[in-house]
Trainee: 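One structure, pasted below without further comment.
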Amino acid sequence: MVTIVTGGHFGDEGKGKIVSYLALKDKPDIVARAGVGPNAGHTIYNAGKKFGLRMVPCGFVNESSKLMIGAGVLINPDVFLEEVSMTGIEGRIFIDKRCAIIEEKHRNEDTSNSFLKDGVGTTGSGCGPANAERANRTIKLAKSIPELEPYLADVPLEVNSAIDSGRNVLLEASQGFGLSLFYGTYPYVTSKDTSASMAAVDIGIGPTRVDRVMVIYKAYTTRVGEGPLNTMLTEENINNYPLWKGVLKDARDKGIDAGTVNETLAEYLGEKGTVTMRRRRIGDFDIELAKYSAMVNGATEIGIACLDKLFPECYKVTRYDKLSERAKEHIRRIESGIGIRVSLISTGPDATDTIDMREK
Ligand code: GTP
Ligand code: IMP
Ligand code: MG
């Protein structure tokens, strides 16, 4: 069984947390990381400890899973080696020998080129310039970096043979649909497509091998960096959203006032980037984008994260029937808008804070 987990909005939907739950629950033989590279930051909590992961798959929390990074993913060797030692996964993490390498010159270009830095608002991690060099066919590959030698593998061979033996494989994508180079809000996008098909390409499996595509959305829509956020909440429109008016009131009652309505909501909801610590912009759940991204991703199921941030009474709830009526109504609005039933709901940052409604 092959499952791809991908982001349905602008990244930071909570894919890392969902993958950590699925890894612990389903114990996949392999968890493989797809996506652009160390521009992504997944934050997970396991057994009370916090991990911010830019290279290592979040599925590391299940100790019996082999961990892989596919050839499509850009590697920053320093970040990779540091995370391997921090997570204690030596011996069960492998990277494809054809992964391309981010060097200092790529990071310098990403942070000094004013269009990338200020126009697009990139993460500054060097991914865009590295993918440009990869397309120019002059980039260095993992197989030529001595420090990476112990980790090199043929990831497609490993993953396809695991699938042939009937094992479970979980593919963890990064970023989100709205950031896709092909389908997102160009030019305010990342340097590659971000859909489920690309995740399969990143790891080296064909489309016929994929059984499930789970698209993850946050209970509301956020965006970090520049580019349109159609449902963005502002001074002018907040009164049109009774739910958000209430959230703003809760924030102010707690003494939070970060300037604008949107900044105050971001501060209250704790929406800050994992990689860059930039404040994320907050929008109402963007149903149009969600529906379109479910279509292009070929979603077979959807997951909703951070339900507790919008409805604090749902914090750490693990049964659907224990959710508040207003939270259930929110879930139903998303389900009927997208036309797909929700199969996982996340109600807190810890892997165990999850409502699982998949067929048993
Ligand atoms: P990208 O690959 O960067 O797109 O990241 P991501 O989708 O893995 O999400 P990221 O970890 O960057 O951001 C999600 C944030 O929400 C993290 O800080 C998580 O700890 C937190 N989080 C995830 N799910 C929940 C949840 O259900 N409730 C709460 N309160 N926090 C959550
Ligand atoms: P880059 O991928 O660093 O080139 O950044 C391009 C755009 O994608 C910027 O708006 C970033 O903020 C955004 N972006 C890239 N990776 C992520 C991610 O993992 N989560 C959220 N936004 C991201
Ligand atoms: Mg993130």
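Order of listing sets the numbers, starting from 1, for every ligand and every atom in it. Values below: every heavy atom of this structure, side chains too, minus hydrogens, waters and symmetry copies. For this chain, numbers begin at 1 and follow the sequence in order.
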Trainee: For H9 together with F177, are the ring centres under 6.0 Å from each other?
Mentor: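 No, too far apart.
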Trainee: Determine whether any heavy atom of V189 lies closer than 4.0 Å to an atom of ligand 2.
Mentor: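 Per 4.0 Å heavy-atom rule, V189 contacts ligand 2.
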Trainee: If you count every heavy atom of other residues, nucleotides or ligands that lies below 6.0 Å from R332 atom CZ, does the total exceed 12?
Mentor: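 Enclosed.
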Trainee: Counting each atom of ligand 1 from 1 as listed, which ones have a heavy atom of G41 under 4.0 Å away?
Mentor: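 Going through ligand 1 atom by atom, the ones under 4.0 Å from G41 are 1 (P), 3 (O), 5 (O), 10 (P), 11 (O), 12 (O).
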Trainee: With a 4.0 Å cut-off on heavy atoms, is G121 touching ligand 2?
Mentor: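 The answer is yes, since G121 has a heavy atom less than 4.0 Å from ligand 2.
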Trainee: Thinking salt bridges, do E103 and K140 make one under a 4.0 Å N-O criterion?
Mentor: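 Yes, this pair counts.
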Trainee: Ligand 1 versus K218, non-hydrogen atoms closer than 4.0 Å: side chain, backbone, both, neither?
Mentor: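 It is neither; nothing of K218 touches ligand 1.
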Trainee: Is any N, O or S atom of G41 under 2.8 Å away from the Mg ion (ligand 3)?
Mentor: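 Yes - counting backbone and side chain alike, G41 has an N, O or S atom under 2.8 Å.
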Trainee: What are the atoms of ligand 1, with element, lying closer than 4.0 Å to any heavy atom of G11?
Mentor: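 In order of numbering, the contacting atoms are 4 (O).
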Trainee: Identify the protein heavy atom lying closest to atom 21 (C) of ligand 2, giving its residue, its atom name and the separation to 0.1 Å.
Mentor: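 In this structure, atom 21 (C) of ligand 2 has D12 OD2, 3.1 Å as its nearest protein heavy atom.
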Trainee: Heavy atom of R223 under 4.0 Å from ligand 2?
Mentor: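 Judged by the 4.0 Å heavy-atom criterion, R223 does not count as contacting ligand 2.
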Trainee: Measure from the ring center of F51 to the ring center of F60 and say whether it is less than 6.0 Å.
Mentor: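 Yes.
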